[in-house]
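Working notes, beginning with the structure itself.
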Amino acid sequence: MDIIFKNVEHRYQAQTPFEKRALYDIDLEIKTGSYVAVIGHTGSGKSTLLQHLNGLLQPTKGSVTIGDRTIVGGKKEKNLKPLRKKVGIVFQFPEHQLFEETVEKDICFGPINFGVSEEEAKRKAKECLSLVGLPEEVLTKSPFELSGGQMRRVAIAGVLAMEPEVLVLDEPTAGLDPRGRKEIMDMFARLHQQKQLTIVLVTHSMEDAARYADEIVIMNKGTIVKKGTPEEIFSDVTSLMELGLDVPETVLFKHLLESKIGEAIPSTCLTIEETLQGLQTLFARVKKK
Amino acid sequence: MEIAVRVQDVSFQYANQSDYALKNVSFHVRTGEWLTIVGHNGSGKSTIAKLLTGLLQAEKGRIEICGIPLNEETIWKVREQIGIVFQNPDNQFVGTTVQDDVAFGLENRGVPREEMTERINEALKKVNMESFLEHEPHRLSGGQKQRVAIASVIALRPRIIILDEATSMLDPRGKKEVLAVIEQLQKERQITVISITHDLDEVAKADRVIVMNKGMVVEEGTPEQIFAHGEKLEELGLDLPFAVKLSKRLKDAGFPLTGDHLTVEGLVNELWTLYLKM
């Protein structure tokens with residue numbers, strides 16, 4: 001299910017004294033099965049953009065096409081339920097949305113609302129719980145007895161149980177410790193590969209964007225300023241810095257070392273492994289000379 | 001040397017939990033010092049913050065804040081000394097506008113109106129939110145909200161500020177701004193800072209770091225000393241600075257590096273020397 005943004009603009013509280021333009025000139029294509037990272041400062045429009053992905057917000061101009069549905073700016077679109085089933089959004093701190101008595105009931109809430117039988121919903125709950133790496137005995141517990149990291153997994157399982165085709169993640173690892181962060185990000189990478197889920201990741205972490213995404217979209221002040229593969233995006237360190245964005249530490253390292261020794265490290269240096277290999281190749285080559 | 005916070009043999013257990021969240025924890029923080037507490041989720045870090053502000057009561061042990069022993073009678077006096085900024089600012093808003101929100105704490109303390117206006121403006125200026133006075137807090141973005149929450153604390157002029165993962169939702173620039181503000185407050189006003197975090201930049205800013213695991217203090221030292229533990233920290237589920245990690249990988253791969261390299265600059269310099277020698 002491809003998602004296409006055409007010349008999208010969004011104004012909050014349009015035609016009031018509080019009117020604020022949050023997005024403009026957005027042209028973006030998210031292809032089925034891709035993993036796209038959206039990067040930008042706080043207030044750059046990332047969260048506004050992602051709420052257009054399932055019609056929670058509708059454009060005030062332009063159009064958003066999600067699969068076979070097109071939402072046109074200015075026209076109020078109704079019956080968005082099928083769309084919301086196909087595009088699951090995991091918001092920031094999704095554990096705050098847990099409310100049921102048991103984990104099982106909480107995960108079943110979404111599927112049942114989309115018309116799935118209770119039996120089927122329970123089956124899905126079990127399956128999704130194991131997908132997020134939690135043991136089955138958690139099903140009967142109250143979600144509020146769990147640790148923060150476990151609660152977040154339950155909330156994510158609740159979104160997965162609706163079997164979306166597109167998974168939208170708004171800073172899914174905020175507030176988790178380094179181990180929890182890695183586990184959750186690896187889990188999404190696995191879902192992306194095994195279930196061909198399209199993933200849209202909104203993040204501040206350049207490391208995550210470099211490591212996991214096939215395509216990176218950089219937003220600044222409400223519009224897209226750059227698009228490309230991680231290699232393309234991070235090959236231009238200076239322009240990222242001009243936008244006040246960080247670059248992955250590996251890329252910064254490459255930049256610093258190259259300017260010292262006056263020779264390029266033969267690698268894009270997007271991960272520690274790549275950096276290590278790049279340095280090995282470079283030093284081996286120098287040795288031969 | 002004045003002691004701002006003294007924690008002695010404190011233990012705490014949550015209801016319905018078999019393990020203790022804190023086991024005989026002792027540490028102190030000097031006035032004007034920046035202490036960072038690290039540890040993975042569930043290690044007991046946040047429990048400490050709640051005990052220090054009297055939101056939870058220790059089962060055993062003694063807590064002293066600015067010389068005042070913490071108990072039921074002194075709790076309000078102790079809370080006047082401490083400002084706490086939590087992880088999620090959404091749970092901290094009460095006002096309908098940014099300035100009302102910052103005013104809330106001041107109103108509760110009976111600060112005269114004129115002084116209040118002055119303090120609100122000053123606090124919001126410090127966090128670069130002075131142009132948002134009339135905005136509705138819930139319409140701000142995450143990072144902006146957190147800066148307002150910090151302004152609310154600053155306006156009360158506490159002697160101790162606790163940051164409970166307060167920068168975890170900010171973008172890199174927002175985080176730097178907030179940490180710079182806190183650092184400035186620490187220097188100018190001798191404010192004691194306790195930051196509870198996973199963030200390596202917050203660890204690096206500290207004068208001293210304690211590492212928690214399973215409710216106990218397992219390590220204490222300067223940031224350099226703590227990072228030098230390397231893999232042991234990773235076993236505790238903590239991250240290491242990139243330079244430390246790459247330096248170790250290079251050494252394992254046979255690069256004749258000598259230093260520990262806490263910073264990228266240090267590592268770059270040694271690699272440069274190595275490159276020139278070849």
Side-chain angles (χ1 to χ4, degrees), chain A residues 12-13 18 20 39-48 92-93 96 145 147-150 170-171 173-182 203-207 243-246 248-250 252-263 272-273 275-277 279-280 282-283 286-287 289, chain B residues 16-17 38-43 45-46 87-88 90-91 135-136 139-147 165 168-176 197-198 200 233-243 245-246 248-250 252-255 264-265 267-269 271-276 278:
Chain A
Y12 282 110
Q13 292 171 292
F18 298 106
K20 198 180 156 232
I39 288 178
H41 276 295
T42 308
S44 64
K46 294 175 301 198
S47 298
T48 308
Q92 284 182 13
F93 295 96
H96 293 166
E145 281 172 31
S147 76
Q150 289 174 321
D170 192 358
E171 303 223 24
T173 61
L176 294 183
D177 62 10
R179 188 190 291 159
R181 272 203 295 264
K182 188 166 183 309
T203 185
H204 286 315
S205 165
M206 299 294 159
E207 276 72 24
L243 289 169
L245 292 169
D246 278 358
E249 285 169 306
T250 48
L252 186 67
F253 165 83
K254 172 181 156 84
H255 185 67
L256 285 173
L257 188 63
E258 284 176 348
S259 57
K260 280 261 186 193
I261 64 178
E263 191 177 345
I272 282 216
E273 288 73 28
T275 313
L276 186 67
Q277 279 165 15
L279 285 172
Q280 281 172 325
L282 173 74
F283 276 76
V286 176
K287 223 174 210 169
K289 283 185 196 163
Chain B
N16 308 323
Q17 299 240 323
V38 295
H40 59 81
N41 289 10
S43 63
K45 297 175 308 215
S46 291
Q87 181 181 39
N88 187 352
D90 283 331
N91 304 342
H135 284 242
E136 293 173 45
R139 286 191 187 277
L140 300 176
S141 66
Q144 291 169 330
K145 282 179 188 170
Q146 197 63 321
R147 268 142 62 192
E165 295 190 31
S168 68
M169 285 198 59
L170 304 191
D171 62 15
R173 188 192 282 171
K175 192 170 82 184
K176 271 180 207 144
T197 188
H198 304 125
L200 295 172
L233 288 185
E234 286 186 321
E235 277 163 32
L236 294 177
L238 297 169
D239 215 353
L240 286 173
F242 159 71
K245 279 194 272 193
L246 181 59
K248 191 176 172 305
R249 292 290 292 269
L250 287 167
D252 290 350
F255 279 71
V264 170
E265 288 73 19
L267 180 60
V268 164
N269 280 334
L271 281 169
W272 182 34
T273 321
L274 205 62
Y275 177 86
L276 292 177
M278 289 187 13

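Protein chains get the first letters and strands the later ones, always in sequence-line order, with residue 1 at the start of each.
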B:Arg139 side, atom CZ; A:Phe18 side, atom CZ - distance, nearest 0.5 Å: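 Nearest 0.5 Å value for the CZ-CZ distance: 8.5 Å.
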
What are the two closest heavy atoms between B:Val268 and A:Leu257, and how far apart are they?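 Heavy atoms of B:Val268 and A:Leu257 come nearest at O-CD1, 3.7 Å.
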
What pair of heavy atoms forms the shortest contact from B:Trp272 to A:Ile261, and how long is it?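 Smallest interatomic distance, heavy atoms only, reads CD1-CG2, 3.4 Å.
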
Walk me through it: do A:Glu263 and B:Tyr275 pass the test side-chain contact (heavy atoms from CB on, under 4.5 Å)? CA-CA 11 Å; A:Glu263 191 177 345; B:Tyr275 177 86; 2.3 Å; yes

At a heavy-atom distance under 4.5 Å, which candidate from B:Glu165, B:Arg249, B:Glu265, B:His135 has the highest pair count against chain A?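 Heavy-atom pair counts peak at B:Arg249.
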
Toward chain B, the part of [X] with a non-hydrogen atom under 4.5 Å:
X: A:Gln13; answer: side chain
X: A:Ile39; answer: neither
X: A:Phe93; answer: side chain

Candidate pair A:Phe253 and B:Leu271, rule side-chain contact (heavy atoms from CB on, under 4.5 Å), full reasoning: CA-CA 11 Å; A:Phe253 165 83; B:Leu271 281 169; 3.4 Å; yes

Who wins among A:His96, A:His204, A:Arg179, A:Glu171 for the most heavy-atom pairs under 4.5 Å with chain B?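 So the answer, after comparing A:His96, A:His204, A:Arg179, A:Glu171, is A:His204.
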
Report the option among A:Leu252, A:Leu282, A:Thr250 that has the most heavy-atom pairs separated by less than 4.5 Å from atoms of chain B.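 Option with the greatest count: A:Thr250.
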
Pick one of side chain, backbone, both or neither for B:Leu276, based on which atoms fall under 4.5 Å of a heavy atom in chain A.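 Contact with chain A: none, neither part.
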
